[in-house]
Engineer: 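Below are the structure tokens for one structure; questions will follow.
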Amino acid sequence: MAAIMIESLEGRVGSVVTLQGWLQQKRASKGLIFLVIRDGTGLVQCVVNQRDVDEHSWASASTMTQETSLTVKGEVCVDERQIGGVEVQVSGLEIIHLVSDYPITPKVHGVEFLMDRRHLWLRSRRPWAVMRVRNCVIMSIHNFFQERGFLQMDAPILTQNAVEGTSTLFEIDYFGSPAYLTQSGQLHGEVMAMAFSKIYTFGPVFRAEKSKTRRHLTEFWMIEPEMAFYDLDMNMTLAEDFLVRVASDALRNCEDELELLGRDLDALRRVQAPFPRISYSEAVELLRSDKTKRLVEVKIDALHSEKSDLEKERVSNKSNYGQLKEWKKRRVDAREIEINARLAQVQEELRNLPRWWQSAAEFEWGGDFGGSDETLLTWHFDRPIIVHRYPEAVKAFYMKRDPEDDRLALGMDVLAPEGFGEIIGGGQRADDLAFLEEQVERHDLPREAFEWYFDLRRYGSVPHSGFGLGLERTVSWICGLEHIRETIPFPRTLGRLTP
RNA sequence: UCCUCGGUAGCUCAAUGGUAGAGCAUGCGGCUGUUAACCGCAGGGUUGUAGGUUCGAGUCCUACCCGGGGAGCCA
């Protein structure tokens with residue numbers, strides 16, 4: 001009999017099936033063992049009753065340890081208490097490989113410990129949910145563009161071009177000459193847009209930024225659509241439709257996964273067009289306004305009352321401690337650890353918020369937004385927002401200038417709500433040869449390397465636009481994750497290149 | 001590079017300058033419906049490294065190493 005995948009068990013109530021998988025968890029009492037089996041498509045509890053199985057199967061179930069691989073046979077039964085509503089009454093089982101000392105035990109682990117064992121951690125429930133959402137987001141992206149007639153193209157990874165300065169590029173030796181790992185497929189995307197009108201890239205990019213934050217990877221996947229004959233407004237509308245699609249596909253296909261991750265689904269349901277569009281100048285005003293000040297004050301008050309509640313609870317727990325029974329003391333000890341961890345978090349936020357407000361209040365027109373500024377901006381809205389028309393100095397050399405105000409570039413960023421920040425950056429590209437030549441000179445870029453790019457403006461130049469979406473930041477937002485390193489199977493960060 | 005927090009048992013964390021502990025994991029025993037099961041017993045430690053202060057240092061001081069978070073930069 002061929003093995004059945006766990007995800008298809010619901011439709012097989014009453015029939016006898018064979019499953020193959022790994023033991024995720026075991027609970028035993030006299031004459032009865034509960035095995036939770038994982039096969040990548042889901043989890044199912046298998047009940048081994050000593051009365052119903054032969055001696056060999058019973059012995060196997062008894063000795064079995066976490067992550068032992070096995071084949072199990074049994075009848076699918078309805079049990080409302082289980083996830084998926086079914087469990088398997090085991091009639092026989094066979095160990096394939098018995099494990100001893102699997103390092104990731106069913107308890108809380110620290111980040112470093114888990115990252116060092118990422119190759120095993122990926123078997124756990126949270127990574128399972130995240131990787132399934134990532135897969136869903138990837139399919140959603142392809143479907144969105146394919147349905148709209150975009151051509152998928154692969155930009156080169158090895159390149160000579162430094163699109164936004166060389167300080168953040170990984171340099172390699174290319175047969176004796178310097179070359180770089182690409183940090184964007186955009187320039188090559190523009191080439192293909194002039195050949196196919198609407199294209200998108202989907203590939204890895206590399207940034208040698210020495211950033212150690214929850215938003216940064218040195219290797220990540222970027223999606224960059226590029227459209228001939230699109231102006232800034234059309235570009236923004238496309239980005240909007242795109243994110244609405246990604247969020248709704250995730251809600252439709254990954255509700256279980258998102259719930260396992262504790263995601264607030266209502267926040268995702270609010271991702272509907274139109275997104276608020278505000279200009280950079282309006283955003284600056286908003287940052288400096290009393291509205292932002294009040295928002296910060298409300299947050300600070302909430303944190304203060306949470307802090308005093310936690311401290312009160314800690315004191316009252318301590319005062320009763322002596323009279324408690326042993327098992328209750330352990331409860332209190334565990335709760336104390338929880339309280340301490342949350343208090344540390346609250347304390348850090350309380351330290352940060354006044355600084356954030358300070359820097360927002362003193363923000364001067366012309367600068368680029370920092371992470372805290374973006375967070376404060378998104379707190380004003382319940383869905384993603386689009387900020388457009390930035391000062392040209394903070395944007396890339398290839399951005400088109402605003403015909404109505406030469407100080408501005410026709411760039412736009414999409415900021416995800418709930419503090420997740422920038423997930424899309426893009427804009428309308430400069431289509432005038434003389435302007436681009438001047439820009440390359442002003443930015444001190446090697447002119448020779450851009451000759452082929454200039455050709456696009458020599459032969460049938462048209463208005464065109466595009467944007468780049470960071471896949472991992474998007475998955476992070478959809479899943480509601482604290483840290484981007486959980487969104488990619490093998491994250492590459494400052495100081496981590498293994499596993 | 002800078003700022004900030006941390007490093008104690010396999011893991012997560014406790015411990016006014018005064019005898020290093022708990023939970024989980026592991027092993028053994030108990031329990032026929034468990035949901036991070038529960039109950040009993042047992043083993044498990046060079047408190048990151050090197051110095052210093054002190055009658056006495058996990059705790060205080062100095063330097064270094066490693067890690068978390070943040071700034072800059074960015075998706």
Side-chain angles (χ1 to χ4, degrees), chain A residues 24-36 43 45 47-52 65-66 79 81-83 87 89 100-117 125 164-165 167-168 183-184 186 205-224 326-327 329-341 344-345 347-349 351-352 355-356 359 367-372 374 394 396 413-416 420-426 467-477 482-485 487 493-496:
Chain A
Q24 177 142 54
Q25 205 184 117
K26 181 167 113 175
R27 290 178 287 268
S29 68
K30 191 181 182 186
L32 204 54
I33 298 174
F34 301 92
L35 306 171
V36 178
L43 296 172
Q45 173 165 286
V47 184
V48 188
N49 193 319
Q50 194 167 10
R51 289 192 313 236
D52 301 341
T65 50
Q66 198 188 348
D79 188 323
R81 290 167 292 189
Q82 308 307 328
I83 312 165
E87 66 178 13
Q89 289 291 337
S100 59
D101 298 326
Y102 184 70
I104 303 178
T105 54
K107 65 178 297 301
V108 178
H109 294 282
V111 172
E112 192 189 1
F113 180 83
L114 289 172
M115 286 307 306
D116 284 342
R117 293 159 186 78
R125 293 173 78 143
E164 291 160 35
S167 62
T168 61
Q183 53 181 220
S184 162
Q186 189 207 307
V205 294
F206 308 86
R207 304 271 166 100
E209 292 158 5
K210 295 200 169 164
S211 303
K212 239 175 58 176
T213 82
R214 66 183 78 194
R215 302 188 310 281
H216 287 87
L217 295 167
T218 54
E219 174 186 287
F220 62 98
W221 288 70
M222 195 149 72
I223 293 87
E224 295 178 278
E326 199 54 35
W327 68 272
K329 280 186 181 170
R330 275 182 236 129
R331 267 303 135 84
V332 172
D333 289 345
R335 176 65 186 151
E336 165 126 21
I337 289 168
E338 237 174 74
I339 292 176
N340 287 348
Q345 240 176 53
Q347 228 112 318
E348 182 171 344
E349 280 177 49
R351 270 199 306 275
N352 283 338
R355 282 207 293 264
W356 288 9
S359 97
D368 204 357
F369 299 131
S372 68
E374 286 178 357
V394 304
D413 288 347
V414 182
L415 308 182
F420 282 95
E422 185 175 353
I423 52 172
I424 281 180
F467 59 82
L469 170 98
L471 177 64
E472 286 74 17
R473 283 193 183 175
T474 304
V475 174
S476 200
W477 162 55
E482 286 236 321
H483 205 296
I484 197 167
R485 68 183 154 226
T487 63
T493 58
L494 193 62
R496 179 167 298 277

Engineer: Quote, to the nearest angstrom, the P distance that separates U47(B) from A57(B).
Structural biologist: 12 Å
Engineer: Please check: side-chain N/O of Glu472(A) versus main-chain N/O of Arg485(A), any donor-acceptor pairing under 3.5 Å?
Structural biologist: no
Engineer: So for Arg117(A) and C11(B), does any side-chain atom that can act as donor or acceptor lie under 3.5 Å from a complementary atom in the base?
Structural biologist: no
Engineer: Quick check: any donor-acceptor pair below 3.5 Å linking the side-chain of Asp79(A) to the base of G33(B)?
Structural biologist: yes
Engineer: The side chain of Arg207(A) is closest to which nucleotide in this list: G70(B), C73(B), A75(B)?
Structural biologist: A75(B)
Engineer: How do Ser372(A) and Phe369(A) order along RNA chain B: which one's closest nucleotide is nearer the 5' end?
Structural biologist: Ser372(A)
Engineer: Heavy atoms under 4.0 Å, any strand shown: does Leu217(A) hit a base, just sugar-phosphate, or nothing?
Structural biologist: base
Engineer: Contact class for Gln50(A) vs. all strands (heavy atom < 4.0 Å): base, sugar-phosphate, or nothing?
Structural biologist: nothing
Engineer: Please work out if Phe113(A) contacts a base, only the sugar-phosphate, or nothing of the nucleic acid, heavy-atom cut-off 4.0 Å.
Structural biologist: sugar-phosphate
Engineer: Can you tell me which nucleotide in G33(B), A75(B), G68(B) comes closest to the side chain of Glu87(A)?
Structural biologist: G33(B)
Engineer: Mind checking side-chain contact (heavy atoms from CB on, under 4.5 Å) for Arg215(A) and listing every partner two or more places apart, or none if nothing turns up?
Structural biologist: Thr213(A), Arg473(A)
Engineer: Determine the contact category for Gln89(A): base if any of its heavy atoms lies under 4.0 Å from a base atom, sugar-phosphate if only primed atoms, P, OP1 or OP2 are that close, otherwise nothing.
Structural biologist: base
Engineer: Any N or O donor-acceptor pair linking the side chain of His109(A) to the base of C11(B) at under 3.5 Å?
Structural biologist: no
Engineer: Do the side chain of Gln50(A) and the main chain of Lys30(A) share a donor and acceptor less than 3.5 angstrom apart?
Structural biologist: no
Engineer: Of all the nucleotides listed (G69(B), U35(B), C73(B)), which has the minimum atom distance to the side chain of Gln45(A)?
Structural biologist: U35(B)
Engineer: Under 4.0 Å, heavy atoms only, any strand: does Ile424(A) hit a base, just the sugar-phosphate, or nothing?
Structural biologist: sugar-phosphate
Engineer: Record whether the side chain of Ser211(A) comes under 3.5 Å of the base of C74(B) through a donor-acceptor pair of N or O atoms.
Structural biologist: no
Engineer: Contact class for Gln66(A) (heavy atom, under 4.0 Å): base, sugar-phosphate, or nothing?
Structural biologist: nothing
Engineer: Which part of the nucleic acid, if any, lies within contact of Asp413(A), taking any heavy atom under 4.0 Å across all strands shown: a base, the sugar-phosphate backbone alone, or nothing?
Structural biologist: nothing
Engineer: Less than 5.5 Å between centroids and less than 30° between ring planes, does Phe220(A) satisfy that with A75(B)?
Structural biologist: yes
Engineer: How far does the C1' atom of C13(B) sit from the matching atom of A71(B), given to the nearest Å?
Structural biologist: 30 Å
Engineer: Would you please enumerate the stems RNA chain B participates in, each stem being three or more consecutive Watson-Crick or G-U wobble pairs with both distances under 3.5 Å?
Structural biologist: B:1-7 with B:65-71, B:10-13 with B:21-24, B:26-30 with B:38-42, B:48-52 with B:60-64
Engineer: Please measure how far the C1' atom in G58(B) lies from the corresponding atom in C41(B), and state the result in whole Å.
Structural biologist: 29 Å
Engineer: Ignoring backbone atoms, establish whether Arg355(A) has a side-chain N or O less than 4.0 Å from OP1 or OP2 of U4(B).
Structural biologist: no
